[in-house]
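The structure displayed is predicted, hence computed values, not measured ones. To find a chain, count down the sequence lines: A is the first, B the second, and so on, and within it residues start at 1.
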Amino acid sequence: MSMQIYNTESGSKETFEPRQLPVRFYVCGLTPKNEPHLGHARLFAVNDTVRRYLEYLGYNVTYVQNFTDIDDKIIAAGLREGIPPSQAARRYTESYFRDMDRIGVRRADIFTYVTEFIPQIIAFVSELIEKGHAYEVEGDVFFSVPSFPAYGRLSGRDADAMLAGARIEPDERKHDPRDFALWKSAKPGEPWWESPWGKGRPGWHIECSTMAKETLGEQIDIHGGGADLIFPHHENEIAQTESLTGKVPFVRYWIHTGMLSVPTEEGNGDEEKMAHSGTFVTIRSVLADGSVPAPALRLYLLGQQYRANLVFSEEQLRASVARWRRWEQARMTLLRLIAWAESNASDETAEPGEPEQQLTEQLATAKDEFLAAMDDDFNTSRALSAIDEMVHRANDYANALGGGAASPAVLAALRQALATLEEVTGVLGIALENVEAAGSALSAERVAEIETLIAERDAARKAKNWAEADRIRKTLDEDYHVTIKDTPQGATWNVHD
RNA sequence: GGCGACGUAGCCAAGUGGUAAGGCAAGGGUCUGCAAAACCCUCAUUCACCGGUUCGAAUCCGGUCGUCGCCUCCA
């Protein structure tokens with residue numbers, strides 16, 4: 001079964017066949033005008049997962065993402081904070097990297113900034129004018145929608161619908177109400193660049209057409225973005241690029257991620273799309289108190305098929321934290337058992353026993369399901385279930401292991417289970433250790449103290465001095481925030497909140 | 001008003017013709033000196049509602065109700 005991708009343009013799943021290698025993948029990034037919110041987190045986590053899966057399948061991928069670092073909202077952000085627009089853009093670009101690093105979104109191969117492509121944008125616009133697809137009016141340049149008959153192909157809108165539904169008064173300088181700005185003349189006090197049409201700056205839309213062409217070429221394989229960009233942004237990108245190059249299609253697969261909304265404060269069951277009317281929950285705020293490890297947030301965001309709209313829910317976020325902790329614990333258990341098996345090796349037969357064979361088969365079946373789910377338009381919800389199954393089976397196997405010595409077959413089975421678990425979670429970009437918690441790691445002295453106490457407790461337990469054993473456990477719990485787990489292979493511990 | 005999507009258990013969510021995955025929550029049990037974690041069992045005769053097609057539908061068709069997104073800055 002080959003991989004299927006739902007293409008917005010056709011409205012159906014299509015077999016993925018890249019035009020050429022590397023796969024050319026462009027994602028509409030954000031306008032750095034504020035702290036990134038959960039909607040951004042979802043968008044970039046989803047596209048990062050698509051990228052990781054393509055690479056997992058063996059494709060080389062060139063992944064490009066832009067920052068629209070000049071825009072009305074950035075100018076407003078600069079005014080709001082009393083800093084130049086460029087500085088506001090830089091500040092929130094840094095916020096983007098900070099937050100995305102935390103939730104495991106890998107850096108793009110190429111990040112493009114609109115302000116670094118002004119000459120190319122001007123050249124693009126000039127050529128559109130020469131080819132009769134654009135016209136200048138008083139320092140502004142507009143794209144002529146009627147010059148591009150295929151307009152509306154992506155969003156499924158016809159001209160009548162677009163005109164009938166228009167809620168804003170069209171600029172009367174436009175030849176057609178649907179025409180949109182390619183270049184905007186500068187108003188007093190705004191940043192500007194020199195152009196053949198006077199001082200001004202790029203309109204929204206043209207930057208993506210230009211930067212995609214400059215970095216990936218005239219035709220690309222995958223273009224991602226939020227579902228709210230289908231119209232007009234992506235419709236306009238198609239019009240600009242195809243009018244310029246004459247090559248169709250500009251994009252082979254359009255991938256649009258569903259919107260994330262938050263319940264309104266009234267609590268009446270209504271919800272509002274994130275970033276609409278200024279309503280948004282920042283990534284930073286969700287991760288602030290440490291109760292939601294960053295990988296668990298990513299797990300939450302991948303919990304639904306990416307095209308569906310998602311209503312943010314604290315309760316579901318907590319459910320994802322619990323799920324992630326179970327995975328994390330399973331990994332810890334495997335690591336612990338592998339260490340134990342390595343130091344307690346027996347020279348028994350290397351023939352795998354019934355439990356080992358069973359575990360191996362169960363994990364292979366679950367992995368097949370994982371791959372089938374990902375092949376089916378990146379159905380991460382299904383894929384997560386497959387990982388649950390792996391964790392489940394690994395824990396089951398671990399529970400059945402006794403003390404004593406481990407045969408080579410046991411060690412091999414444990415290593416195989418760990419490798420499988422890390423492989424599939426790696427494809428989804430979900431780390432199985434809380435790197436941020438590890439950053440506040442205990443000192444060596446502290447660890448030594450803890451291990452001394454554990455040794456004392458073991459001695460007390462061997463002597464069946466339960467009162468002393470419990471006293472030590474209580475000390476560890478309250479003074480060291482350490483939870484003890486007794487296993488057939490010895491006591492283990494971990495730090496809790 | 002136009003375009004599109006959706007409506008599955010207490011919550012979230014897979015499932016596009018063959019008899020309802022998974023997670024969280026809840027209840028019971030196993031293991032344990034007691035715990036913790038894990039594991040086992042239970043938890044939708046039913047998929048918004050009404051008709052229709054079919055041997056058979058959550059899945060297809062028609063209608064009704066409801067929700068959401070886009071059409072305007074947005075990821």
Side-chain angles (χ1 to χ4, degrees), chain A residues 8 11 27-31 33-34 36-44 46-47 71-73 76 152 155-158 160-168 204 224-233 235 256-261 269-278 280 299-300 303-305 307-311 313-326 329-330 332-333 369 373 376 379-389 391-400 461 464-467 469-470 473-474 477 483-488 491-494 496:
Chain A
T8 305
V27 174
C28 273
L30 46 69
T31 300
K33 61 177 188 292
N34 221 322
H37 56 63
L38 292 175
H40 297 128
R42 185 186 192 203
L43 175 76
F44 298 116
V46 163
N47 282 286
D71 159 281
D72 291 344
K73 289 295 174 66
S155 56
R157 287 155 210 260
D158 61 31
D160 289 345
M162 285 182 272
L163 297 178
R167 281 194 240 154
I168 51 166
W204 183 43
D228 52 349
L229 296 183
I230 296 170
F231 186 89
H233 187 58
E235 195 69 61
H256 289 101
T257 304
M259 297 292 98
L260 190 146
S261 57
D270 289 347
E271 59 239 22
E272 210 159 20
K273 191 180 70 169
M274 194 143 301
H276 204 271
S277 312
F280 61 92
L299 176 58
Y300 167 70
Q304 291 79 242
Q305 215 283 341
R307 280 183 283 119
N309 290 334
L310 168 60
V311 180
S313 152
E314 293 275 3
E315 187 184 352
Q316 299 312 323
L317 186 57
R318 280 195 298 274
S320 295
V321 172
R323 193 181 207 178
W324 179 77
R325 287 210 189 283
R326 204 160 53 77
Q329 287 301 310
M332 293 299 288
T333 298
E369 164 59 14
D376 183 14
N379 192 331
T380 49
S381 182
R382 256 177 81 191
L384 261 37
S385 295
I387 297 176
D388 284 328
E389 172 70 8
V391 166
H392 192 67
R393 293 304 157 199
N395 280 331
D396 202 8
Y397 176 78
N399 273 348
R461 293 184 71 225
K464 297 200 189 296
N465 183 352
W466 309 125
D470 289 349
R473 183 166 65 198
K474 193 175 178 194
D477 179 42
T483 304
I484 295 291
K485 296 177 190 176
D486 296 316
T487 77
T492 67
W493 59 279
N494 66 282
H496 62 74

Could you go through nucleotides 6-10 of chain B and list every protein N or O atom that sits under 3.5 Å from one of its N or O atoms, giving the distance for each pair?
none

Residues A/T257 and A/M259: closest non-hydrogen pair is O-CE, 3.6 Å

Under a 4.0 Å threshold between the charged nitrogen and the carboxylate oxygen, would A/K33 count as salt-bridged to A/D71?
no

For RNA chain B, the expected dot-bracket line (Watson-Crick or G-U under 3.5 Å, [ ] crossing, | inter-strand) is ((((((((.[[[..)..(...]]].(((((.......))))).....[[[[[..)....]]]]])))))))....

With side chains defined as the heavy atoms from C-beta onward, is the minimum distance between A/N34 and A/F280 less than 4.5 Å?
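In short, these two side chains touch, coming nearer than 4.5 Å.
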
Tell me whether the side-chain N or O atoms of A/Q316 pair up with the base of B/G23 as donor and acceptor below 3.5 Å, since no angle test is needed here. yes

Check: Taking the side chain from A/N47 and the backbone from A/L43, do they hold a donor-acceptor pair closer than 3.5 Å?
Finding: yes

Heteroatom pairs (N/O) under 3.5 angstrom, protein to nucleotides 15-20 of chain B:
unit_1: B/G15; atom_1: OP1; unit_2: A/N379; atom_2: ND2; d: 2.7

Describe the nucleic acid contact of A/K33 in one word from base, sugar-phosphate, nothing, applying a heavy-atom distance below 4.0 Å. sugar-phosphate

Quiz prompt | Short N-O contact, A/D470 and A/R473, less than 4.0 angstrom | solution =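 A salt bridge is present here (some side-chain N lies under 4.0 Å from a carboxylate O).
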
Minimal heavy-atom distance between A/Y300 and A/Q316, with the atoms involved, is CE1-CB, 3.6 Å

Margin query: Applying a 4.0 Å non-hydrogen cut-off, can you work out what A/G225 is touching in the nucleic acid: base, sugar-phosphate, or nothing?
Written below: sugar-phosphate

So, using side chain to side chain donor-acceptor pair (under 3.5 Å) as the criterion, who are the partners of A/S381 when residues are at least two apart?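 So A/S381 forms no side chain to side chain donor-acceptor pair (under 3.5 Å) with any residue.
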
Exercise: identify the closest heavy-atom pair between A/F231 and A/S155: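 Reported closest heavy-atom pair: CD1-OG, 3.4 Å.
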
Any N/O donor-acceptor pair, A/S381 side-chain to B/A14 base, under 3.5 Å:
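Side chain to base: no pair present.
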
ask   = Does the side chain of A/D228 come under 3.5 Å of the side chain of A/H233 through a donor N or O and an acceptor N or O?
value =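 No, because no side-chain N or O of A/D228 sits under 3.5 Å from a partner of the opposite role on A/H233.
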
Is there any protein nitrogen or oxygen under 3.5 Å from a nitrogen or oxygen in nucleotides 32-37 of chain B, and what are the pairs?
unit_1: B/G33; atom_1: O6; unit_2: A/R461; atom_2: NE; d: 3.4
unit_1: B/G33; atom_1: N1; unit_2: A/D470; atom_2: OD1; d: 2.8
unit_1: B/G33; atom_1: N2; unit_2: A/D470; atom_2: OD1; d: 3.3
unit_1: B/G33; atom_1: N2; unit_2: A/D470; atom_2: OD2; d: 2.5
unit_1: B/C34; atom_1: O2; unit_2: A/R473; atom_2: NH2; d: 2.4
unit_1: B/C34; atom_1: N3; unit_2: A/R473; atom_2: NH1; d: 2.9
unit_1: B/C34; atom_1: N3; unit_2: A/R473; atom_2: NH2; d: 3.2
unit_1: B/C34; atom_1: N4; unit_2: A/D486; atom_2: OD2; d: 3.1
unit_1: B/A35; atom_1: N6; unit_2: A/D486; atom_2: O; d: 3.3
unit_1: B/A35; atom_1: N1; unit_2: A/D486; atom_2: N; d: 3.1
unit_1: B/A35; atom_1: N3; unit_2: A/R473; atom_2: NH1; d: 3.2

Margin query: Side-chain N or O of A/H392 versus OP1/OP2 of B/C40: is the shortest distance under 4.0 Å?
Written below: yes

**Message:** At 4.0 Å (heavy atoms only), tell me whether A/G258 reaches a base, stays on the sugar-phosphate, or touches nothing.
**Reply:** base

A/D72: partners by side chain to side chain donor-acceptor pair (under 3.5 Å), with sequence neighbours left out |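 Once residues adjacent in sequence are excluded, the partners of A/D72 under the side chain to side chain donor-acceptor pair (under 3.5 Å) criterion are A/R201.
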
